[in-house]
Structures are given as structure tokens and as C-alpha cells.
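Each remark here refers to the structure printed beneath this line.
The model shown is predicted, which means the values in this text are computed figures rather than measured ones.
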Amino acid sequence: MKRRIANLYPQKTLLKRSILIPLLLLGFSAFAQTQSNPNIENWQLSPAVLGTILLIAIVMMVAVVIIYIRISDYLNGMRQKEETQNKHQLTEKIIGLNDNEIDSLLEKRKEALHYKLSGNELGGDTIAIDDKGIIAQVTHDPNNPLVDEKKRAKLNLETPEELKKVVIWYVGAAVFWLIFGTAIGQYAGMKLAWPEVDTVSWLSFGRLRPVHTNTVFWGWASFAMVGLAYYVVSRTSNTSIFSYKIAWRAWVLMNAAVILGDLCLMLGINNGGGEYREYIWPVMALFAIGLILTFINFYKTVAKRTVKEIYISNWYLFGALLWTLTIVTIAYQPFFQNGLGETVIQGYYMHQGVGMWFMTFTLGLIYYYLPSTLNKPIYSYSLGVLAFWTQMLFYTLIGTHHFIFSPLPWWLQTIAIVFSAGMFIPVVAGTTNFLMTMRGSRHEISKSYVLPFFLVGVIFYFVGSTQGSLQAFRFTNFVWHFNDFNVAHSHMTMYGIITFILWACIYVLLPKLTGNEPKQFLVGAHFWMAFIGLFAYMISLMTGGTLKGLSWIEGKPFIDSVILMQPYWVWRAIGGSLMFVSHLIFAYNFYVMVRKPKNISNTNPSFSNSANA
């Protein structure tokens with residue numbers, strides 16, 4: 001028996017294996033967690049924490065700049081208007097006067113310029129006479145003193161009626177899902193602060209939260225992006241859409257997926273705990289078919305283009321569609337639904353759903369709508385290409401930075417952190433490209449709120465993406481992940497970047513398609529309520545999430561962190577309320593932009609008779 005064993009395992013082989021096995025174990029230990037949990041002393045001085053505070057300050061500074069520019073331009077406009085009126089008045093008086101009368105008039109004007117109020121000019125019973133030139137203008141219909149009226153669209157674009165209908169119906173569906181999805185989200189957020197508001201099972205937080213996220217993901221943002229992209233693909237290809245029937249079929253399938261998916265979620269029928277993957281596979285298959293039809297339609301349209309080049313916007317649109325179809329197919333495969341493998345797949349699906357679908361697609365829209373708004377080319381086509389390929393490279397490998405200090409392999413976590421840092425390249429390239437395109441267009445901020453929407457979206461693109469890279473570092477991930485801070489980060493990106501950019505594109509396109517402009521006051525109300533609401537929402541959850549993470553690290557009872565968060569959840573509800581009201585204003589603005597103009601009929605018979613004569 002011993003001889004058989006010796007023949008099967010010679011001594012040299014046994015010696016090699018006895019040496020190799022410890023070496024392999026030593027090597028694999030290098031890929032496992034080799035350090036204890038981070039030390040949280042002086043956590044405020046962590047570079048990632050300081051960087052996040054600096055990024056928040058940038059957002060505040062942008063708001064101040066927008067306010068300053070609008071107020072200063074308004075005051076300058078008033079001053080120029082006053083000077084022009086004075087010149088016209090003086091010119092009108094001088095015409096027809098003799099030399100003595102002109103000298104007398106000029107002397108009076110000189111005295112008026114040096115005149116100072118004594119304080120009792122408005123008192124007394126005598127008739128008011130403006131001898132001193134104090135009153136500049138009298139009107140019984142004064143303009144709004146805070147904002148200027150937005151200028152009418154300079155160009156009513158010649159667009160096929162079929163394309164107009166497709167764009168309007170896609171954006172209309174998006175507006176509906178925005179109102180519905182954020183109403184659900186607002187109610188679910190209020191349940192955190194007031195959990196006893198109801199006891200209905202299908203209104204529980206666990207069911208409402210995925211309804212909110214999936215509705216705004218697949219309903220609001222996806223429909224708005226696809227609808228706006230139909231115009232971009234047609235315009236940049238200088239041709240008509242390949243098939244409007246395909247566009248309508250995709251519209252029906254995607255809407256059916258959101259309706260059926262939400263009903264299933266509220267009934268408790270879901271795909272498990274995978275975030276943004278709660279729709280069961282038959283429902284998600286409908287949405288995927290809709291995206292496949294959309295890709296075919298875009299591809300066929302670009303294939304029959306009448307220009308030589310494929311504009312860079314289409315690169316981003318096709319890249320987003322291909323990546324999304326790929327990750328959805330992989331994520332819904334049944335053999336990826338068990339164990340840690342399911343966790344890894346979920347990390348990549350969840351993050352690439354945001355980065356490779358929404359972010360990549362929206363960047364493609366910016367590359368068309370921002371230059372067309374400013375009537376100038378994009379600053380650098382090369383920077384756009386650099387941002388595209390580095391986005392494809394780095395974003396695809398950062399999914400597991402959501403699972404730092406988890407049972408996943410240490411090397412996989414490290415790769416995610418490294419590639420998260422690599423995301424600085426496409427983010428800086430894209431932000432630089434957009435800001436340099438805006439350079440010299442300061443006056444556009446005071447003309448309308450389209451450029452402020454773009455500016456806030458671009459700044460949040462830099463701030464939100466950079467903050468996400470900082471959050472991927474091990475220390476900040478240890479403190480911030482799996483608590484309310486991550487909710488703030490997701491709203492910073494999905495709302496601050498995607499939603500603000502989509503609003504900007506809609507306000508650019510629809511008035512030029514329909515000829516209907518919303519009132520500037522309501523657009524301004526929409527902008528500021530959404531911005532202030534987002535800021536309140538973001539800051540409250542960042543602060544509360546940080547304190548909650550530190551509470552967990554200190555080993556305090558979980559219920560203490562729940563009690564700690566209560567005032568921050570109230571502020572979350574306040575911020576969410578402002579955001580939701582802004583959505584209602586936006587819905588009304590959408591109605592104004594797409595409604596048909598009323599036919600003005602003449603009911604004056606005398607006028608009709610004279611016209612006929």
C-alpha cells in the first residue's frame with residue numbers, strides 16, 4: 001500500500017506541492033482584506049471629506065453667480081433704459097426750439113442732474129409737477145420687477161409633423177411619469193419622518209420605494225431621453241426617421257413595461273432585492289424590446305444620412321443603447337442570481353444603469369442641444385471623443401465600489417476604486433468642453449433660464465461624478481455607504497445632472513417645434529424651486545448620513561441612528577416638497593408649450609362687411 005502511494009505521489013512531487021500550496025495561500029491573501037477597519041479619528045480632515053465639502057461649495061457658488069448675473073443685468077438694463085428715455089426726451093424738446101430756449105433747457109437739465117431730494121417732495125395739496133426730472137416713466141401696466149420677459153424663439157424649426165408628434169408624445173409620457181413617480185417618492189420619503197401615516201400593505205415603504213425609483217428611471221428619464229434623441233438623430237443625419245411606426249411601437253412597449261412593473265411591485269411581485277432590477281423579467285423584456293426597436297430605428301436613420309460624418313452625439317446615444325441592452329441581458333440571466341456572484345452582477349448593473357444608460361445618453365444630448373442653444377459649435381470635438389472613450393473604459397469597471405469591505409475579493413474592490421479615480425478624465429474633459437462652449441455667453445443667463453438649467457446640470461456633472469469617485473475611497477465608503485448619504489449622492493447625479501439637463505433640452509426644443517413659449521416667470525419658479533429643493537434634500541441627507549455612519553462605527557444601537565435621522569428626514573421631506581411643486585409647474589409649462597394656438601375668430605359684423613367689401 002505504501003509503495004502504491006509512493007508511486008502515485010513521488011517524493012519530488014509531494015515536496016513541490018508542499019511548497020506551492022503555502023505560496024498560493026500567501027498570494028491569495030494579498031487579494032483579501034489585509035487591514036482592519038479604518039480609524040475614524042479626525043474623519044473631518046479626510047481628503048475625500050474635504051473634497052466633498054469643496055464640491056458642495058462650488059454648487060452654492062454657481063447659484064450665487066446666476067443670481068448676481070441676473071440682478072446685475074436687470075439693473076444695467078434699467079439704467080440703459082433710463083438713459084435712452086432721457087436722450088429721447090431731450091431730443092424731442094430740442095427739435096423746434098430756438099437757441100435761447102435750448103440754452104435754458106440745458107441749464108434746467110444740468111440743475112436736475114445735481115438735484116437732491118429733501119424728503120417732502122411727495123407731500124402737500126398742490127398739483128404734482130415734475131419740474132426736477134425725477135420721474136423717469138409712468139405706466140399702469142408695469143413689468144415684473146424681478147425677471148425680464150423671455151424672448152420669443154428666434155426660429156420656428158421646419159420639422160415633419162410625424163417627428164413633432166413622436167417627440168411631444170415621448171416627452172408627454174415622461175412628464176406624466178415624472179409627476180407620478182415623484183409623488184410616490186415624496187409620499188415614501190414622508191413616511192420616514194411620519195411612519196404611522198398609514199397601515200396599508202401596498203403603500204408600505206418597501207413597496208413604494210422601488211415604484212418611485214423604477215418609475216423615474218424607466219418612465220421619466222428614459223422617455224424624455226429617447227424623445228429628445230429622435231430629433232437629434234434626424235437633425236444630425238439630415239434625414240427623416242427610418243420608421244415612425246417603430247417609434248410608436250417602442251412607445252407602447254416601454255409604457256406597458258412601466259405600468260405592469262409598477263402594478264407588480266405594489267402587489268409584492270418583484271425580482272428580489274436588486275436595486276433598479278425589481279421588475280420581473282417578463283416586464284423588463286417588454287422594455288428591452290422597446291430599446292431594441294429604438295436602436296434599430298436610430299441605426300437605420302443614421303445609416304441613410306445625407307452627410308458624411310456621424311456627429312458625436314450619435315456616438316453617445318448608440319453606446320448607451322448597446323451597453324444598456326447588454327447589462328440588462330446579463331443581469332436577468334437566471335444563473336447569475338445566487339450567492340456573491342449575484343452581488344457582483346448587481347453592483348455592475350446598478351452603477352452602469354446610471355452611468356452607461358442615463359449619463360452617457362444625456363451627454364449625447366448635451367453635445368447637440370447646448371451648441372444649438374448658443375448658436376455656436378462645441379468647443380472641442382477632440383475633447384468629446386476623449387471623454388467618450390475614457391467613459392467606455394473606466395465606467396464599465398467601477399460597479400463593485402458599492403461593496404467596499406464586503407465579502408467580495410479585495411482585488412476586485414481595488415480595481416473598482418482605481419477605475420473610479422480614472423473617471424476624473426472623462427468628467428474633467430466633458431465639463432471643460434461644456435463650460436468652454438458656454439464661454440462668452442454670460443448674457444444668455446439673463447435672457448432665459450435655459451442656460452442656467454444647462455449650467456447647473458454641467459456643474460453637477462462635475463460635482464456629482466467627482467464626489468462619487470471620492471466616495472469610492474475606502475475610508476469614505478466605510479462611513480457613508482449603506483446609509484442616507486448614498487441617497488443624497490444618487491439624487492445629486494440622477495436629479496442634478498440628468499433631470500436638469502433634460503429640462504434644459506425640453507425648454508430649448510419644444511418652443512421651436514410648436515412656436516409656444518412658457519412664461520419666463522414660471523420657468524424661473526420651476527428652476528429655483530427645483531434647485532433649492534435639491535440642495536435642501538442633498539445637504540440634509542449628507543449630514544444625517546455621515547452622523548448615522550459614525551454612529552454605526554461606534555457600535556451604538558441601531559435604533560439610535562433611526563432617532564438621530566428624524567430631523568434630517570423632515571428636511572428631506574421639505575426639500576422633496578419643493579422639488580415636487582417644481583414638477584407641477586414644469587407640467588404646466590409643458591402644456592403651454594405643446595397646446596394648439598386658439599383660432600381667433602372675428603365677431604364684429606361691421607369689420608367683416610368692410611373686409612368683404
With a 4.5 Å limit on heavy-atom distance, are the side chains of [X] and [Y] in contact?
{"X": "F531", "Y": "L534", "value": "no"}
{"X": "V232", "Y": "Y369", "value": "yes"}
{"X": "M579", "Y": "T182", "value": "no"}
{"X": "L547", "Y": "Y568", "value": "yes"}
{"X": "V302", "Y": "F318", "value": "yes"}
{"X": "P407", "Y": "L340", "value": "yes"}
{"X": "M356", "Y": "M392", "value": "yes"}
{"X": "W528", "Y": "I66", "value": "yes"}

What do you reckon, are the aromatic ring centroids of [X] and [Y] less than 6.0 Å apart?
{"X": "H351", "Y": "Y395", "answer": "yes"}
{"X": "F478", "Y": "F405", "answer": "yes"}
{"X": "F298", "Y": "Y230", "answer": "yes"}
{"X": "Y367", "Y": "F434", "answer": "yes"}

SB check R207 E278 (cutoff 4.0 Å): no
Passing option when Q471 is tested against N486, T466, N477 for side chain to side chain donor-acceptor pair (under 3.5 Å): N486
Matching residue for H526 among Y507, Y449, Y588 - test: side chain to side chain donor-acceptor pair (under 3.5 Å): Y507
Treating [X] as the side-chain partner and [Y] as the backbone partner, does any N or O pair qualify as donor plus acceptor under 3.5 Å?
{"X": "S469", "Y": "A421", "value": "no"}
{"X": "N270", "Y": "M266", "value": "no"}
{"X": "H212", "Y": "I184", "value": "no"}
{"X": "T213", "Y": "P210", "value": "yes"}
{"X": "Q467", "Y": "H489", "value": "no"}
{"X": "Q352", "Y": "W357", "value": "no"}
{"X": "T499", "Y": "G496", "value": "no"}

Pairs involving residues 314-328, ordered by first then second residue, that meet side chain to side chain donor-acceptor pair (under 3.5 Å) (sequence neighbours left out): T236-N314
Qualifying side chain to side chain donor-acceptor pair (under 3.5 Å) pairs, either residue in residues 384-393, two or more places apart: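 Listed by first then second residue: T360-Q391.
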Listed partners of A587 passing side chain to side chain contact (heavy atoms under 4.5 Å, CB included), at least two apart: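 Counting only residues at least two positions away or on another chain, A587 forms a side chain to side chain contact (heavy atoms under 4.5 Å, CB included) with V175, I179.
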Partner set under side chain to side chain contact (heavy atoms under 4.5 Å, CB included) for L192, not counting sequence neighbours: F205, W569, R572
Stepwise side-chain contact (heavy atoms from CB on, under 4.5 Å) check, W480 with T52: CA-CA 12 Å; W480 285 338; T52 299; 3.5 Å; yes
Exceeds 12 heavy-atom contacts within 6.0 angstrom, atom OH of Y379: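 Result for OH/Y379: open.
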Y381 atom OH, neighbour heavy-atom count above 12 within 6.0 Å: yes
Over 60° means perpendicular and under 30° means parallel, so tell me whether [X] and [Y] are parallel, tilted or perpendicular.
{"X": "F500", "Y": "W503", "answer": "perpendicular"}
{"X": "F586", "Y": "W220", "answer": "perpendicular"}
{"X": "W218", "Y": "F358", "answer": "tilted"}
{"X": "Y170", "Y": "W251", "answer": "perpendicular"}
{"X": "F453", "Y": "F527", "answer": "perpendicular"}

Residues in salt bridge (charged side-chain N to carboxylate O under 4.0 Å, His left out) contact with D484, at least two apart in sequence or another chain: K548
Qualifying residues under side chain to side chain donor-acceptor pair (under 3.5 Å), relative to S420, sequence neighbours excluded: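 S420: side chain to side chain donor-acceptor pair (under 3.5 Å) contacts with H401.
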